[in-house]
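Step one of this worksheet: look at the structure below.
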Amino acid sequence: MTDLEAQLRAVSLRVTRPRLAVLAALRDHPHVDTDTVIALVRADVPTVSHQAVYDVLRALTDSGLVRRIQPAGATARYETRVGDNHHHVVCRSCGTIADVDCAVGPAPCLTASDDHGFVVDEAEVVYWGVCPDCLTSTPE
Ligand SMILES: [Zn+2]
Ligand SMILES: [Zn+2]
Ligand SMILES: [Zn+2]
């Protein structure tokens, strides 16, 4: 059994070729959008339909194996790095996304200055800026 199969079994999802292909695509290409996932999966399983990929993404996201992020104004992106409260930095110019680790240990950003009585378990932080590629390639 591969580790991807083990991941599916751990959340009681049946092991199917499209599910394995989507997980493998996201593991190798974090933060891709749905269209890119479809293209990557089709390289592996050519017969898979758009709808099948949508369904797999939903099942994997619901199960917690995949995290869906959607920066304002961008299409939804998916990644397999879950459960560590990491954050993202997004390039305003080209849309490139990179991971930003939260501090190790109890995530400091989970301690809201005022939690309004809520039990907080996740902080979604998006840093916006311009990536190094865009900084060097923009003729001013
Ligand atoms: Zn950029
Ligand atoms: Zn990420
Ligand atoms: Zn944080």
Side-chain angles (χ1 to χ4, degrees):
M1 184 160 64
T2 67
D3 55 331
L4 294 182
E5 289 173 13
Q7 283 184 28
L8 287 170
R9 283 167 203 257
V11 294
S12 307
L13 282 181
R14 213 156 39 84
V15 175
T16 66
R17 188 97 192 277
R19 283 173 179 169
L20 290 173
V22 169
L23 275 179
L26 292 176
R27 182 191 53 193
D28 298 340
H29 306 269
H31 313 129
V32 288
D33 62 12
T34 308
D35 287 346
T36 306
V37 174
I38 290 170
L40 290 166
V41 169
R42 282 201 167 154
D44 187 18
V45 191
T47 55
V48 78
S49 68
H50 282 230
Q51 189 58 48
V53 174
Y54 291 129
D55 291 346
V56 167
L57 282 171
R58 191 174 321 109
L60 294 177
T61 305
D62 288 350
S63 74
L65 288 182
V66 165
R67 179 178 175 193
R68 180 182 192 273
I69 57 167
Q70 186 157 23
T75 52
R77 312 296 183 93
Y78 298 89
E79 65 183 341
T80 52
R81 185 178 165 184
V82 297
D84 64 354
N85 202 63
H86 78 271
H87 308 310
H88 294 101
V89 58
V90 184
C91 178
R92 273 186 215 288
S93 180
C94 70
T96 285
I97 299 178
D99 285 336
V100 178
D101 288 354
C102 196
V104 184
C109 61
L110 288 180
T111 308
S113 56
D114 180 357
D115 62 18
H116 298 274
F118 287 49
V119 176
V120 175
D121 61 20
E122 184 178 344
E124 192 172 318
V125 178
V126 178
Y127 303 95
W128 292 90
V130 180
C131 76
D133 284 349
C134 289
L135 277 177
T136 53
S137 69
T138 309
E140 204 52 73

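Keep in mind that what you see is a predicted model, and the values were worked out from it rather than measured. Throughout, residue positions are numbered sequentially from 1 according to the sequence presented. We count ligands from 1, going down the list as the structure has it; atoms in each ligand are counted the same way.
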*List-wise, which protein N, O or S atoms are found short of 2.8 Å from the Zn ion (ligand 1)?*
Cys91 SG, Cys94 SG, Cys131 SG, Cys134 SG
*Check the hydrophobic clustering (I, L, V, M, F, W, Y; side-chain heavy atoms under 4.5 Å; chains of links allowed) and say if Ile38 and Val22 are grouped together.*
yes
*Does Arg68 reach the main-chain N or O of Ala76 with its side chain, forming a donor-acceptor pair under 3.5 Å?*
no
*the Zn ion (ligand 2) - closest N/O/S atom in Asp99*: OD1
*Qualifying residue, where the test is side chain to side chain contact (heavy atoms under 4.5 Å, CB included) with Arg17 and the options are Asp44, Val41, Thr47*: Asp44
*With side-chain hydrogen bond (donor to acceptor under 3.5 Å, both in side chains) as the test, would you mind laying out the steps for Asp3 and Gln7 before giving the verdict?*
CA-CA 6 Å; Asp3 55 331; Gln7 283 184 28; 4.8 Å; no
*Flag yes if Leu4 and Tyr78 sit in one hydrophobic cluster, no otherwise; membership is Ile, Leu, Val, Met, Phe, Trp, Tyr, and two members link when side-chain heavy atoms are under 4.5 Å apart.*
yes
*Of all the heavy-atom pairs spanning His31 and Arg77, show the shortest one and how long it is.*
O-NH1, 3.2 Å
*Hphob cluster co-occupancy, Val15 + Leu65, side-chain heavy atoms under 4.5 angstrom*: yes
*If you have a sec, read the angle at the Zn ion (ligand 2) from Glu79 atom OE1 over to His88 atom NE2, to 10 degrees.*
120°
*Provide the tally of protein N/O/S atoms nearer than 2.8 Å to the Zn ion (ligand 3).*
3
_Please tell me whether Val48 and Val32 are part of a single hydrophobic cluster in this structure, the criterion being side-chain heavy atoms less than 4.5 Å apart._
yes
*Do Val82 and Val66 belong together in a cluster built from hydrophobic side chains that touch within less than 4.5 Å?*
no
*side chain to side chain contact (heavy atoms under 4.5 Å, CB included) with Leu26: which of Thr36, Leu40, Leu57?*
Leu57
